[in-house]
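Owing to the predicted nature of the structure, the values given are computational and were not obtained by experimental measurement.
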Amino acid sequence: MGSIVIDSPKVELWPTSSIEEVEAVIRAVYKQVLGNAHLLESQRLVTGESQLRDRKITVRDFVRIVGKSEIYRTRFFESAAPYRFIELNFKHLLGRAPLDQSEISEHIRRTIENGYDAEIDSYIDSPEYQANFGENTVPYYRGNTSQVGQKQVGYNRIFGLVRGVAESSSAVKSSQLVYSVATNSATKIKLPSVIGSTEKRFKILVQGGSGKFDNPLRRSTTEYIVPASKMTPQIQRINRTGGKIVSITEIV
């Protein structure tokens with residue numbers, strides 16, 4: 001397999017930026033936040049663009065507008081599994097992969113309890129966003145470089161989300177990191193191909209779970225015993241129904 005290059009240029013809006021540079025910022029926001037999607041002219045957020053050109057809003061404000069837009073919601077919230085939606089929010093808005101199950105669970109819970117807009121705001125209003133991008137830098141992929149105070153596992157996982165310059169986030173509907181995050185695996189994203197009597201088994205303890213992402217969670221607790229080869233579809237089913245994974249432990 002050839003190497004994958006995911007370095008992203010840093011694009012920033014300055015008080016002295018020319019009209020051409022402002023247009024480059026707008027294109028960069030669309031590319032980053034919409035996951036390299038092809039955008040039709042009719043889908044452009046013309047009011048937000050105009051406000052940015054007139055400096056009535058910042059780049060961070062425009063990122064928020066794109067993140068809360070109907071096109072983002074349709075492509076990444078309504079048509080993808082909950083786990084994948086959260087995964088892509090980290091990728092598009094913070095430029096990195098989720099680091100552990102607690103991050104995923106926190107954002108799934110926030111979406112269920114507080115709604116879609118609150119979930120998008122939680123990234124853009126975070127100290128992490130402010131420290132890395134501030135008001136006028138377009139978010140960019142940064143998990144492939146060392147980050148102060150950040151777990152090294154993020155270096156490996158960003159490659160599970162960004163597959164090269166031509167990749168499109170909307171082309172993949174299922175989670176790419178569900179197994180590695182849930183089991184806290186630092187190096188492997190793909191499940192082992194060997195199955196049989198020696199295959200590892202895991203116990204998944206789940207709280208709640210309902211038919212829709214936005215419905216309130218039930219308080220019941222369910223235990224699943226799952227072979228390693230079935231972990232990904234089982235965890236995807238749990239997250240699609242709004243269940244909260246309390247713990248995943250290997251059965252020895």
Side-chain angles (χ1 to χ4, degrees), residues 6-80 84-99 103-104 106-107 110-111 114-145 147 150 154 158 161-162 165 167-170:
I6 62 174
D7 290 334
S8 300
K10 186 174 181 179
V11 181
E12 189 168 359
L13 183 66
W14 298 92
T16 56
S17 293
S18 65
I19 295 175
E20 290 76 15
E21 289 169 330
V22 175
E23 295 303 317
V25 167
I26 291 171
R27 289 194 299 271
V29 171
Y30 281 134
K31 181 177 181 180
Q32 171 66 26
V33 179
L34 295 178
N36 207 28
H38 175 68
L39 192 67
L40 300 175
E41 193 66 29
S42 61
Q43 295 174 313
R44 294 176 68 106
L45 304 170
V46 293
T47 299
E49 289 185 22
S50 178
Q51 290 174 326
L52 186 62
R53 292 188 188 99
D54 294 339
R55 308 304 173 91
K56 293 179 179 178
I57 61 173
T58 65
V59 171
R60 184 164 75 111
D61 294 327
F62 188 55
V63 168
R64 193 189 309 272
I65 289 170
V66 178
K68 291 185 178 182
S69 67
E70 188 63 29
I71 184 172
Y72 192 96
R73 185 182 182 110
T74 300
R75 287 179 182 236
F76 306 122
F77 177 66
E78 296 177 355
S79 62
R84 177 63 171 167
F85 171 61
I86 303 302
E87 214 173 65
L88 291 177
N89 289 343
F90 273 99
K91 172 187 175 183
H92 297 156
L93 303 176
L94 290 182
R96 66 169 176 88
L99 300 178
E103 283 195 322
I104 293 286
E106 175 191 350
H107 284 277
R110 178 179 291 109
T111 308
N114 303 115
Y116 176 87
D117 284 1
E119 163 62 8
I120 298 300
D121 285 337
S122 68
Y123 301 91
I124 300 170
D125 291 336
S126 68
E128 180 181 351
Y129 184 102
Q130 191 65 41
N132 286 279
F133 311 123
E135 291 296 327
N136 284 304
T137 296
V138 180
Y140 55 89
Y141 300 139
R142 57 193 178 85
N144 59 316
T145 57
Q147 302 290 316
Q150 192 171 114
I158 191 64
L161 295 181
V162 183
V165 295
E167 64 94 28
S168 174
S169 295
S170 58

Donor-acceptor contact present, side-chain S79 to main-chain T74, <3.5 Å: yes
Interatomic distance, T111 atom OG1 to I120 atom CD1 [nearest 0.5 angstrom]: 8.0 Å
Would you say the side chain of R27 lies within less than 4.5 Å of the side chain of V11, judging by non-hydrogen atoms? no
Not counting sequence neighbours, which residues clear side-chain contact (heavy atoms from CB on, under 4.5 Å) with E135? List them please. T58, R60, Q130
Side chains of I57 and R64 in contact at under 4.5 Å (non-hydrogen atoms): no
Cut-off 3.5 Å, side chains only: do Q43 and Y30 have a donor facing an acceptor? no
Taking all atoms of both residues into account, what is the closest heavy-atom pair of V59 and N136, and its distance? N-OD1, 3.2 Å
Identify the two heavy atoms, one from R75 and one from A37, that lie closest to each other, and give their separation to 0.1 Å. NH1-CB, 3.0 Å
Can you tell me how far apart CG (D117) and OG (S122) are? Round to the nearest 0.5 Å. 11.0 Å
Decide yes or no for R73 and K68: does some side-chain heavy atom of the first lie under 4.5 Å from some side-chain heavy atom of the second? no
Is there side-chain contact between E106 and P98, with heavy atoms separated by less than 4.5 Å? no
Report yes if the side chains of V22 and R55 come closer than 4.5 Å at any heavy-atom pair, otherwise no. yes
Approximate separation, where rounding is to 0.5 Å, of Q32 CD and K91 NZ: 8.0 Å
Any side-chain heavy-atom pair from R142 and L94 closer than 4.5 angstrom? yes
L40 atom CG, neighbour heavy-atom count above 12 within 6.0 Å: yes
The reported gap from CD in E87 to NE2 in H92 (rounded to nearest 0.5 angstrom) is 10.0 Å
Closer than 3.5 angstrom, by distance alone: can the side chain of E49 be matched with the main-chain N or O of F62 as a donor-acceptor pair? no
Minimum heavy-atom separation for Y72 to L34, with atom names? CD1-CD2, 3.9 Å
Please lay out, stage by stage, how D61 and K56 fare under the test salt bridge (Lys or Arg N to Asp or Glu O under 4.0 Å). CA-CA 10 Å; D61 294 327; K56 293 179 179 178; over 6 Å; no
Main chain of E20, side chain of E23: is a donor-acceptor contact present, judged purely on distance under 3.5 Å? no
Report the distance from atom CD of Q51 to atom CD1 of I65, rounding to the nearest 0.5 Å. 5.5 Å
So, taking the atom named OG1 in T47 and the one named CG in L52, what distance separates them when rounded to the nearest 0.5 Å? 12.5 Å
Report the residue from Y141, Y129, Y123, F76 that forms a ring pair (Phe, Tyr, Trp, His ring centres under 6.0 Å) with F90. Y123
Do V138 and V63 have side-chain heavy atoms sitting under 4.5 Å apart? no
Taking C-beta and beyond as the side chain, do N89 and E119 meet within less than 4.5 Å on heavy atoms? yes
At their closest point, which heavy atom of R44 faces which heavy atom of I26, and how far apart are they? NH2-CG2, 4.1 Å
